[in-house]
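Notes follow the structure.
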Amino acid sequence: MKIVFLGTPSFAVPSLNALIASRHEVLAVVCQPDKKVGREQKVVFSPVKELALKKGIKVLQYEKIRRDGVEELRSLGADLMVSCAYGQILSQEIIDIAPHGIINVHGSLLPKYRGAAPIQQAVIDGETETGITIMQTDVGIDSGDILSVVKTPIYEKETAGELFDRLSLLGADLLLETIDKIENGTIKPVKQDENKATHVSMIKKQDGLIDWNNTATQIFNKVRGMNPWPVAFTYINGKLLKFFDCEVFGCNFEDNAVCGEIVKCDYNFGIIVKCGKGYLKLNRLQEEGGKQLSANDFVSGRKLSVGSILQ
RNA sequence: CGCGGAGUAGAGCAGUCUGGCAGCUCGUCGGGCUCAUAACCCGGAGGUCGUGUGGUUCGAAUCCCACCUCCGCAA
């Protein structure tokens, strides 16, 4: 089939790669406009754009696809459009361009976790299973009929980033299977159960702030869900303190510590923080202006001591 | 010209303001103690203090200048 691919971040790269390697023809790739990124405000191409350029595929970028893209997309003459973490809301006019419409690769088991950050949110919620759903895009947000699903467990210590990588590969496989079925007409679209639908919004940097009144398990899940972005953070002595890795600490201590107080801080225990319920052991930390350090390295600089309070 | 922090032993840091012997914790190596040790005691090795055939000075890790690199915020 002749396919137009809509996608932007690294999550979409395996799917695009799979399409390029398949017998299908990728006519063009549509992704978000280039943005200035980082301290130096350099313009960086998105991962999907990088791949498309490398493979010599036409790249289209619209400020607003519904306004600027319709005519050009129509002129390409695609049989099918595939979207995967593209980042813009589509209109009926665009959905109608290709005979087979648009199918979307989504990182959750729909109708659960519709919206922008399904993978992170599933980890934050402590879910033990998630997956990829491919659906027929309609004008709602991730509300179209389900075409195919693949499930996968969320491992106990898995971060959102690791899950992202796994799901993006599963999505690529499922995408090719699904297109085959569309082609030979064996697909059976299933309506989503609106009563079970949940919606998650985009994760913001501020969402990484830790509330030490939460239970150790809740914080542990949040830290995993916020890794590698935006990364969980707290404050110590007025300075930003990020931490990338932690674990629930099983032992109980006799203490009168408040939530967020460091109750142990040495070579044997590591850094143990009191939570609303239970204790959390911090493994990799980074203070503002500093590098990412292991707990032992962090302690050896004497930045932390028993009684210090994170808030 | 967006704002800010940092570069000192293998790791993490102090010392810089107020120029005057290169320090601390950990690791490492050797020895001691111990039934035992990621514990404790004693001793050692390990540094062009980011770079500069830069400036000031009797003397610079420290003050001034230029450059390189890393990081936090903002976007």
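First the proteins, then the strands, lettered A, B, ... as listed; each starts at 1. Nothing here was measured: the structure is a model prediction, and the numbers come from that model.
- Backbone-only engagement by A/Lys242 is indicated by non-hydrogen atom pairs under 4.0 Å involving sugar-phosphate atoms exclusively.
- Following rounding to the nearest Å, A/Leu285 (CG) and B/rG12 (C1') show an atom-to-atom distance of 13 Å.
- Atoms CG (A/Leu240) and C1' (B/rG72) sit 7 Å apart, rounded to a whole Å.
- Between B/rU62 and B/rC17, the distance separating the two P atoms is 9 Å to the nearest Å.
- Note: CZ (A/Phe233) to P (B/rC73) measures 9 Å, nearest angstrom.
- One C1' atom belongs to B/rU8, the other to B/rG15, and the distance between them is 9 Å to the nearest Å.
- In the displayed structure, A/Ile141 atom CD1 is contacted under 6.0 Å by at most 12 heavy atoms of other residues, nucleotides or ligands.
- Rounded to the nearest Å, the gap between the P atom of B/rG30 and that of B/rA38 is 15 Å.
- Note: NZ (A/Lys291) to P (B/rG10) measures 13 Å, nearest angstrom.
- Rounded to whole Å, the distance from CZ on A/Phe298 to P on B/rG27 is 19 Å.
- Within the nucleic acid shown, A/Glu287 has no heavy atom closer than 4.0 Å to any nucleic acid atom.
- Phosphate contact (OP1/OP2 of B/rA74, side-chain N/O of A/Lys205, threshold under 4.0 Å): present.
- Rounded to whole Å, the separation between the C1' atoms of B/rG54 and B/rC67 comes to 11 Å.
- Remark: A/Phe164 engages A/Phe11 in a ring-ring contact (aromatic ring centres under 6.0 Å, His included) (not counting sequence neighbours).
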